[in-house]
Engineer: 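Pasting a structure below so you can have a look.
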Amino acid sequence: MHRWSELFIPTLREAPADAEVASHKLLVRAGYIRQLGAGIYSFLFLGNRSTQKIMRIVREEMDKIGQEFYLPALNPREIWEASGRWTVMGDNMFRLKDRKGADLCLGMTHEEVMTDIARKELRSYKQLPQIWYQIQTKFRDEPRPKSGLLRVRQFIMKDAYSFDIDAAGLDLSYQKHHDTYCRIFDRCGLKYMVIDAHSGAMGGSQSQEFMVRTPAGEDLVVSCEKCNYAANMEKAVSKLAPVEDLKTEGDGQPLEVHTPGQKTIEDVARFLGVSPKNKIKTLAMMITEEEDANTGAKSGKTRQRAVVLLMRGDHQMNEAKLSTAVGGKETRPMQEEEILALFRSPAGYLGPLGIEWAKDLKDAGKPILLVDKALEGRTNLIGGANKEDYHVKHLTPGKTFHPTAYADLRAVTAGEDCPNCGAPLRIDTAVEIGHIFKLGYKYSESMNARVLDRNGKEVAPIMGSYGIGIERILTAAVEQSNDENGFWLPPSIAPFEVVVVSTNSKDEGIRTASEDITRQLEAAGFDVLLDDRDERPGVKFKDADLVGIPFRVNVGKKVTEGTVEVVRRSTLAREDIKISAITEYFQQLRPAAR
RNA sequence: CGGGACGUAGCGCAGCCUGGUAGCGCACUUGCUUGGGGUGCAAGGGGUCGCGAGUUCAAAUCUCGCCGUCCCGACCA
């Protein structure tokens, strides 16, 4: 029997001053966690019980599709060199040396170790498909740990990896994970969304994130009010209302207009009496690329290359989309001298005319002109003339200037139309609790994993990787259900399902009834916490409301009538229940999924 | 890494400007009291004032350096 009087459950009246988000404040106040350093947390009794329950659910579901491994967190440098990520991971990877001076690191993720096993062991297509998973501690030296458990430097992740002989097999493994993740998060009682995610620079073909809406979230999610369209901001698209182009004046040739001192889109639009929608916004960026990227040689030399973006005047650029458009390279804004060197004009009057742009992305050396898709087909736009105090009319993409490429560079804004059904889109912040990813051949190729296919030909297996943040499930659940007095977890992941409050531990009748009820419920398989402390009822009620247990049984004066009070933490609704019927009462509440 | 704030008892804070033997609330210990929403009274225990230098007869307080934590930004497989 779990007696509160004998347990260590250090609840606090006040949250630590440096806690900002609700889950952080409440998990500390409820005695689940304590901070050890920036982004490093200890889990105490209640916190550990909750994460253990989460891991049990994850295991039960993952065991239906895969096999559990346990890989080392301590990794030698060599396998990370093999995949090329020893350098790529940069400062985000914790690195150390052993006594001989050999380089080691702490694993941030385990594609390398899993692929190492695959390349040493897998020989034939007959051994495929394989799904291997583990529940393991990950280490990431985050530039900025924050928000309690939401962004930390050490955390537990369930990570899984699939190996298939072909793309069709990967589709199947991917779908299995999708379905399994839905079951896991359903069982954990979370309200989540599955959204299309940015595949990033890794060349993956498909990727989805499992997100929980919360103001504490760091990701932006675009979703439809009506249909099930949902995507990460980095990938989301929307339907735009049609825009009326300006009428052609005279012969329609580019026409310079004097716009003294008018630099911003708004100023120029107002000055010329047009809408910003008829204006071109010119953004000047730079990328770093390898000098011989196209020749295949690897000198390691890099050079800077200009990338100029044209957007509709009232649109905002999304950096993740830009990064995708330039092949996953990092971009940075041009500096003043660089702008003058390319445009021969100060910022505020930039435009596409008079510069020889690259014909396509492979056209090395020349500056790249990327035009947002929202400008494709538009005519008679107004942009900068590359001349101080002048803008130019009659700009028509493909006619008066030639883009290197059209690309989707635009950030969706709330209220725009859903690409599927046309209903308004909303934008929310959310926390990522899971991510499934079709990796393709990146690791099997770079690390040289090979199997023989049906025809005796050596081929690389195709891979997928799939992650769940264990602590983030707890954090998201707290974010999802809390008030100023505390939080309530779904019964499946709460440290206890029921707290039995003995309202007066000095009263013999109340005390024995509390113990009897606790024993009864435990015999029926419930996790029960008995609050038998010699405290006033008010103290116990406050603590019970705080610590995340979804149901409470108040054992009070009515025991003489054979009755106790059951309180649901979520609604604070209370009802009197006969002690003789208490087990049955909770059994009826218990979800079948359990 | 850039900008900002903070560091005094387990938690929340005052004291610092104007240097002079460290204080409040909660929590904790003991006794009494109370017993359905953090009871009340009384008596106690607990702090190298983040660390190190410097100024001074004297530093929590002034100066310099370092460390740590949080927030905004950059970053984020």
Side-chain angles (χ1 to χ4, degrees), chain A residues 8 10-21 24-25 28-31 34-41 80 83-93 105-112 138-148 150-153 155 157 159 161 197-204 207 209 216 218-219 232 234 319-320 323 328 330-333 432 435 437 439 442-443 465-467 469 484-486 501-507 510-511 531 533-546 552-559 564-565 567 572 574 576:
Chain A
F8 183 63
T11 58
L12 299 175
R13 268 191 210 228
E14 284 173 292
D18 50 21
E20 286 271 315
V21 303
H24 186 198
K25 288 182 188 167
V28 172
R29 282 190 57 206
R34 288 292 185 262
Q35 182 171 18
L36 183 61
I40 312 175
Y41 287 85
W80 290 83
S83 72
R85 292 209 285 185
W86 180 261
T87 312
V88 172
M89 291 305 194
D91 288 340
N92 264 24
M93 187 147 77
C105 67
L106 299 177
M108 309 171 60
T109 173
H110 280 79
E111 280 83 4
E112 279 77 3
K138 307 292 188 209
F139 298 88
R140 296 180 188 184
D141 194 358
E142 291 287 346
R144 192 175 152 209
K146 58 183 285 205
S147 307
L150 282 179
R151 181 162 291 276
V152 290
R153 297 195 291 175
F155 60 97
M157 185 187 237
D159 49 323
Y161 305 85
H198 181 60
S199 307
M202 291 316 203
S207 156
E209 291 167 323
E218 301 186 274
D219 285 285
N232 195 301
E234 297 175 341
E319 278 180 50
S323 168
E330 272 186 32
T331 59
R332 62 166 175 86
E432 178 187 347
H435 198 163
F437 207 104
L439 282 178
K442 178 179 164 60
Y443 297 93
S465 90
Y466 318 88
E484 64 280 13
N485 293 318
V501 176
S502 165
T503 57
N504 185 347
S505 297
K506 290 218 168 76
D507 182 307
I510 289 176
R511 204 184 65 227
D531 191 353
R533 293 175 298 170
D534 183 16
E535 287 287 352
R536 301 196 23 116
V539 174
K540 296 183 172 189
F541 294 158
K542 286 285 183 196
D543 272 345
D545 284 348
L546 175 61
R552 183 167 104 214
V553 176
N554 289 336
V555 183
K557 292 197 186 79
K558 287 186 214 152
V559 286
V564 292
E565 188 178 59
V567 184
L572 295 177
R574 46 189 70 198
D576 285 350

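Note that these values count all heavy atoms, side chains included, but never hydrogens, waters or copies made by symmetry. A, B, ... follow the sequence lines: proteins, then strands. Residue 1 opens every chain.
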Engineer: Counting only distance, no hydrogens or angles, is the base of B:rG37 paired donor-acceptor with the side chain of A:R574 under 3.5 Å?
Structural biologist: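 Flag set: donor-acceptor pair detected.
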Engineer: Tell me the interatomic distance from A:M93, atom CE, to B:rC76, atom P, rounded to whole angstroms.
Structural biologist: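 After rounding, the reported distance stands at 16 Å.
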Engineer: Roughly how many Å is it from CG in A:N554 to P in B:rG36, rounded to a whole number?
Structural biologist: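 In whole Å, B:rG36 P and A:N554 CG are 11 Å from each other.
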Engineer: Check this for me: does the side-chain of A:R511 come within 3.5 Å of the base of B:rG35 through a donor and an acceptor?
Structural biologist: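 No pair found.
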Engineer: Work out how far the C1' atom of B:rU18 is from that of B:rC71, and round it to whole angstrom.
Structural biologist: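 Here B:rU18 and B:rC71 have their C1' atoms 32 Å from each other.
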Engineer: On a whole-Å scale, what distance lies between the C1' atoms belonging to B:rA43 and B:rU21?
Structural biologist: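 Pairwise C1' distance, B:rA43 against B:rU21, rounds to 24 Å.
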Engineer: For B:rU8 versus B:rG47, give the span between their P atoms, rounded off to a whole number of Å.
Structural biologist: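 About 15 Å, rounded to a whole number of Å.
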Engineer: What does A:M89 touch in the nucleic acid at a heavy-atom separation under 4.0 angstrom: a base, only the sugar-phosphate, or nothing?
Structural biologist: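 Touches sugar-phosphate only.
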Engineer: Examine the base of B:rC11 for any acceptor or donor lying under 3.5 Å from a partner atom in the side chain of A:R29, and report the outcome as yes or no.
Structural biologist: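 Answer no: no donor N or O sits under 3.5 Å from an acceptor.
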Engineer: When we call it a touch if two heavy atoms are under 4.0 Å apart, what does A:A15 touch: a base, just sugar-phosphate, or nothing?
Structural biologist: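 Sugar-phosphate contact only.
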Engineer: Taking B:rC51 as the reference, what is the distance to B:rA59 when you measure between their C1' atoms (whole Å, please)?
Structural biologist: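 Nearest-Å result for B:rA59 against B:rC51 at atom C1': 15 Å.
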Engineer: Is it the case that B:rG36 (base atoms only) and A:E565 (side chain only) share a donor and an acceptor within less than 3.5 Å, ignoring hydrogens and angles?
Structural biologist: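 It does, because a donor-acceptor pair links the side chain of A:E565 to the base of B:rG36 below 3.5 Å.
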Engineer: For the residue pair A:D543 and A:T11, confirm or rule out a side-chain donor-acceptor distance under 3.5 Å.
Structural biologist: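 Side-chain D/A pair, A:D543 to A:T11: present.
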Engineer: B:rG35 base to A:D507 side chain: any donor-acceptor pair below 3.5 Å?
Structural biologist: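 Such a pair does not exist between side chain and base.
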Engineer: For A:E14, answer base if it contacts any base atom (sugar-phosphate contacts may also be present), sugar-phosphate if it contacts only those atoms, and nothing otherwise; contact means non-hydrogen atoms under 4.0 Å.
Structural biologist: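 Contact class for A:E14: base.
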Engineer: Taking the side chain as everything from C-beta on, heavy atoms only, tell me whether A:E565 gets closer than 4.5 Å to A:V553.
Structural biologist: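 A side-chain contact is absent here, since even the closest heavy-atom pair is not under 4.5 Å.
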Engineer: What nucleic acid atoms does A:E20 come within less than 4.0 Å of, heavy atoms only: base, sugar-phosphate, or nothing?
Structural biologist: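 Sugar-phosphate, backbone atoms only, no base.
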Engineer: Using the C1' atoms only, state how far B:rC13 lies from B:rC32, rounded to an integer number of Å.
Structural biologist: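 Each nucleotide's C1' atom is 31 Å from the other's.
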Engineer: Can you tell me how far P of B:rG35 sits from CZ of A:R533, to the nearest Å?
Structural biologist: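 Roughly 19 Å, once rounded to whole Å.
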Engineer: Out of B:rG37, B:rC76, B:rG36, which nucleotide sits closest to the side chain of A:R151?
Structural biologist: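 For the A:R151 side chain, the nearest candidate turns out to be B:rC76.
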Engineer: Going by the rule side chain to side chain donor-acceptor pair (under 3.5 Å), which residues pair with A:N504 if we only count those two or more places apart in sequence or in a different chain?
Structural biologist: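 Counting only residues at least two positions away or on another chain, A:N504 forms no side chain to side chain donor-acceptor pair (under 3.5 Å).
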Engineer: With ring centroids as reference points, do A:H110 and A:Y443 lie under 6.0 angstrom apart?
Structural biologist: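 Distance test on ring centres: not under 6.0 Å, no.
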Engineer: If you look at every strand shown and take non-hydrogen atoms under 4.0 Å, does A:P145 touch a base, only sugar-phosphate, or nothing?
Structural biologist: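 Contact class for A:P145: sugar-phosphate only.
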Engineer: Can you check whether A:S505 reaches A:K540 side chain to side chain, under 4.5 Å on heavy atoms?
Structural biologist: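 Touching, per the 4.5 Å side-chain cut-off.
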Engineer: Choosing from B:rG38, B:rC70, B:rG36, which nucleotide comes nearest the side chain of A:Q35?
Structural biologist: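 Of the candidates, B:rC70 comes closest.
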Engineer: For the C1' atoms, the ones on B:rG25 and on B:rG20, what distance do you get once it is rounded to whole angstrom?
Structural biologist: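 One C1' to the other, the span is 27 Å.
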Engineer: What's A:D534 touching, base or sugar-phosphate or nothing? Going by heavy atoms closer than 4.0 Å.
Structural biologist: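 Answer is base: heavy atoms of A:D534 come under 4.0 Å of a base.
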Engineer: Testing the 3.5 Å rule here: is there a donor-acceptor pair between the side chains of A:S465 and A:K442?
Structural biologist: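 No - no donor-acceptor pair under 3.5 Å links their side chains.
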Engineer: Rounding to a whole Å, what distance do you find between A:K506:NZ and B:rG36:P?
Structural biologist: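 Interatomic distance, NZ of A:K506 to P of B:rG36: 13 Å.
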Engineer: Which part of the nucleic acid, if any, lies within reach of A:T11 when heavy atoms closer than 4.0 Å are counted: base, sugar-phosphate only, or nothing?
Structural biologist: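 A:T11: no heavy atom of the nucleic acid under 4.0 Å.
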Engineer: Within the structure shown, what part of the strands sits under 4.0 Å from A:R34 by heavy-atom distance: base, sugar-phosphate, or nothing?
Structural biologist: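 Nothing, no nucleic acid heavy atom in range.
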Engineer: More 5' along RNA chain B: A:M157 or A:P537, using each one's nearest nucleotide?
Structural biologist: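 The 5'-side residue here is A:P537.
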Engineer: Ignoring backbone atoms, test whether A:R13 places a side-chain nitrogen or oxygen under 4.0 Å from the OP1 or OP2 oxygen of B:rA27.
Structural biologist: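 Yes.
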Engineer: State, without any angle test, whether A:H435 and A:S207 hold a side-chain donor-acceptor pair at a distance under 3.5 Å.
Structural biologist: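 Checked: A:H435/A:S207 side chains pair up, N/O donor to acceptor below 3.5 Å.
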Engineer: What does B:rG31 pair with, Watson-Crick or G-U, if both distances are under 3.5 Å?
Structural biologist: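 Checking every strand shown, B:rG31 finds its partner in B:rC41, with both distances under 3.5 Å.
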Engineer: If you look at every strand shown and take non-hydrogen atoms under 4.0 Å, does A:D91 touch a base, only sugar-phosphate, or nothing?
Structural biologist: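 No contact.
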Engineer: If we take the P atom in both B:rU61 and B:rU55, what is their distance in whole Å?
Structural biologist: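 B:rU61 and B:rU55 have their P atoms separated by 15 Å.
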Engineer: Looking for any heavy atom pair under 4.0 Å, which part of the strands does A:G37 touch: base, sugar-phosphate only, or nothing?
Structural biologist: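 The residue A:G37 makes sugar-phosphate contact but no base contact.
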Engineer: Whole Å only: how far is the CZ atom of A:R332 from the P atom of B:rG2?
Structural biologist: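 It works out to 19 Å between those atoms.
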Engineer: Between A:V555 and A:A19, which has a closest nucleotide on RNA chain B that is more 5'?
Structural biologist: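 It is A:V555, whose closest nucleotide lies nearer the 5' terminus.
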Engineer: Between A:L150 (CG) and B:rC76 (C1'), how many Å, whole number?
Structural biologist: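 My rounded result for the distance is 14 Å.
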Engineer: Name the nucleic acid region contacted by A:P143, choosing base, sugar-phosphate or nothing; use a 4.0 angstrom heavy-atom cut-off, strictly under.
Structural biologist: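 The residue A:P143 makes base contact.
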Engineer: Calculate the interatomic distance between A:L546 atom CG and B:rG37 atom P; express it in whole Å.
Structural biologist: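 Rounding to the nearest Å, CG of A:L546 and P of B:rG37 are 18 Å apart.
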Engineer: Just the rounded figure in Å: distance from P of B:rG40 to CD of A:E535.
Structural biologist: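 From A:E535 CD to B:rG40 P: 13 Å.
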Engineer: Taking OP1 and OP2 of B:rG38, is either one under 4.0 Å from a side-chain nitrogen or oxygen of A:K540?
Structural biologist: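 A:K540 to B:rG38 OP1/OP2: no side-chain N or O under 4.0 Å.
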Engineer: Between B:rG45 and B:rA27, how many Å separate the two C1' atoms, rounded to a whole number?
Structural biologist: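 Looking at atom C1' only, B:rG45 and B:rA27 are 13 Å apart.
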Engineer: Just do the salt bridge (charged side-chain N to carboxylate O under 4.0 Å, His left out) check on A:D531 and A:R552 with the steps written out, would you?
Structural biologist: CA-CA 10 Å; A:D531 191 353; A:R552 183 167 104 214; over 6 Å; no
Engineer: Is any N or O donor-acceptor pair between the side chain of A:D18 and the base of B:rG7 shorter than 3.5 Å?
Structural biologist: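 For A:D18, whose side chain was compared with the base of B:rG7, there is no donor-acceptor pair (under 3.5 Å).
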Engineer: What does B:rG19 pair with, Watson-Crick or G-U, if both distances are under 3.5 Å?
Structural biologist: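 Across any shown strand, B:rG19 pairs with none.
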Engineer: Judged by modelled atom types alone, do A:N92 and A:E142 share a side-chain donor-acceptor pair under 3.5 Å?
Structural biologist: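 Per modelled atom types, A:N92 and A:E142 side chains form no pair under 3.5 Å.
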Engineer: Any strand is fair game: report the nucleotide pairing with B:rC6 by Watson-Crick or G-U wobble, both distances under 3.5 Å, or none.
Structural biologist: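 The base-pairing partner of B:rC6, which may sit in any strand shown, is B:rG68.
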